[in-house]
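Data first, discussion second: the structure below is written as structure tokens.
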Amino acid sequence: MLNNIRIVLIETSHSGNIGSTARAMKTMGLTNLYLVNPKQGIDEQAIALAAGADDVIKQAKIVPHFDDAVADCSLVIGTSARLRHLQNSLIEPRECGGKAINAAKCGQIALVFGRERIGLTNDELLKCHYHLTIPANPDYSSLNLAMAVQLVCYELRMAYLAEQDLPVSSIDNSNARTNSMATAQELEYFYQHTEQVYTQLGFIQNQGVMQKLRRLYQRTALEKNELNILRGMLSTVEKRIKLVRN
Ligand code: SAH
């Protein structure tokens, strides 16, 4: 299960934080690290702070964009200290541990961490199903990046260990659902399709509507077959528009 969970770091400035993240992950049994456009490469500082977890950084996948790191994931969880406006999708580390371990029985899961100075952008947050916030001191809530990773990975490990005691049948039941969850890339195509069709119809005139729709659909955790129905509905509307125009 832990092999299906990846830690994604977005545009990290300090290579030392990449090393410390690798160490934080490996102590908790995680090894899949994605680096999105890191500002410094893997250097001596990173290796030094990895303290023996250099295998994790050496096999890290370096990709140019957020989308490349999460395309095949059926669950994407973004992290930030400033999330109060996203009430509906807000979770804390303990709940996140359970959700991620459950979903990792079949699908790929991404936990996304932001830039040291500015965190994640609103666009990036919109692409996440859930938003994790560590309930820190409200007057001083921003943890060091690798320490935030450590805390989240600890909860993943706790949820993973708790799962080991469960009877096999309860694991099988949830497989059926996680197996068929839509991936981030399939959802992206669906959002593009929705925007295209409803812009043609004149219903969508600004980005606000798409942002609200994204939040709505992310919350519902769509399965592949449900997404196919929605895509089918959009295609039918598209055909009608063409007929009317011709
Ligand atoms: N000034 C930035 C802080 C970034 S800290 C901001 O306000 O967003 C770097 C990263 O560590 C964050 O993007 C997030 O991924 C993680 N992080 C730090 N503190 C956190 C907290 N309290 N809850 C969740 N994630 C946190």
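Quick caveat: nothing in here was measured; it's all calculated off a predicted structure. Counting starts at 1 for both ligands and their atoms, in listed order.
In terms of protein heavy-atom proximity, atom 25 (N) of ligand 1 is closest to Ser80 N, 3.6 Å. In this structure, atom 12 (C) of ligand 1 lies nearest to the protein heavy atom Gly114 N, 3.9 Å. In this structure, the protein non-hydrogen atom closest to atom 16 (C) of ligand 1 is Ala148 CB, 3.7 Å. Among all protein heavy atoms, the one lying closest to atom 15 (O) of ligand 1 is Thr79 OG1, 2.6 Å. Protein heavy atom at the shortest distance from atom 8 (O) of ligand 1 is Arg82 NH2, 3.0 Å. Here the heavy atom of the protein found nearest to atom 20 (C) of ligand 1 is Ala81 CB, 3.8 Å. Closest to atom 22 (N) of ligand 1, if we only count protein heavy atoms, is Ser141 O, 2.8 Å.
The shortest N/O to N/O separation between Asn144 and ligand 1 does not fall below 3.5 Å. For ligand 1, the polar-atom distance check against Ser142 finds no nitrogen or oxygen pair separated by under 3.5 Å. In terms of polar-atom proximity, Leu143 is counted as a contact of ligand 1, with an N or O under 3.5 Å from an N or O of the ligand.
Near Phe113, with a cut-off below 4.0 Å to any heavy atom, the atoms of ligand 1 are 15 (O). Close contacts of ligand 1 with Leu145, meaning ligand atoms under 4.0 Å from a residue heavy atom, involve 10 (C), 11 (O). Under a 4.0 Å criterion applied to the non-hydrogen atoms of Thr133, ligand 1 contributes the atoms 23 (N), 24 (C).
Of the residues listed (Glu188, Gln207, Glu195), the one engaging Arg214 in a side-chain hydrogen bond (donor to acceptor under 3.5 Å, both in side chains) is Glu188, and it is the only one. Each of Asn3, Thr183, Asp72, Asn4 was evaluated against Gln108; a single residue qualifies, Asn4, per the side-chain hydrogen bond (donor to acceptor under 3.5 Å, both in side chains) test.
Hydrophobic clustering (ILVMFWY, side-chain heavy atoms < 4.5 Å, transitive): Val149 and Leu49 are in distinct clusters. Linking Ile, Leu, Val, Met, Phe, Trp and Tyr residues whenever their side-chain heavy atoms come within less than 4.5 Å leaves Phe66 and Leu126 in two separate clusters. Note on Ile229 and Tyr217: same hydrophobic cluster, where clusters join Ile, Leu, Val, Met, Phe, Trp and Tyr whose side-chain heavy atoms are under 4.5 Å apart, directly or indirectly. Note on Ile7: it clusters hydrophobically with Met158, by side-chain heavy-atom contacts below 4.5 Å among ILVMFWY residues. Met233 and Leu216 fall within the same hydrophobic cluster, where Ile, Leu, Val, Met, Phe, Trp and Tyr residues are linked whenever their side-chain heavy atoms come under 4.5 Å apart, directly or through other members.
Within the set Leu132, Val8, Ile118, Ile134, the minimum heavy-atom distance to atom 23 (N) of ligand 1 is found for Ile134.
A heavy-atom separation below 4.0 Å is found between Arg115 and ligand 1.
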His14 and Gln45: CA distance, side-chain angles, deciding distance, side chain to side chain donor-acceptor pair (under 3.5 Å) verdict = CA-CA 9 Å; His14 302 296; Gln45 177 83 346; over 6 Å; no

Step by step, would you call Thr12 with Asn17 a side chain to side chain donor-acceptor pair (under 3.5 Å)?
-> CA-CA 8 Å; Thr12 308; Asn17 275 335; over 6 Å; no

Lys61 vs Asp68, salt bridge (Lys or Arg N to Asp or Glu O under 4.0 Å): CA-CA, chis, key distance, verdict | CA-CA 10 Å; Lys61 295 195 177 58; Asp68 304 314; over 6 Å; no

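Here Arg117 has backbone heavy atoms under 4.0 Å from ligand 1, and that is the only part of it that gets that close.
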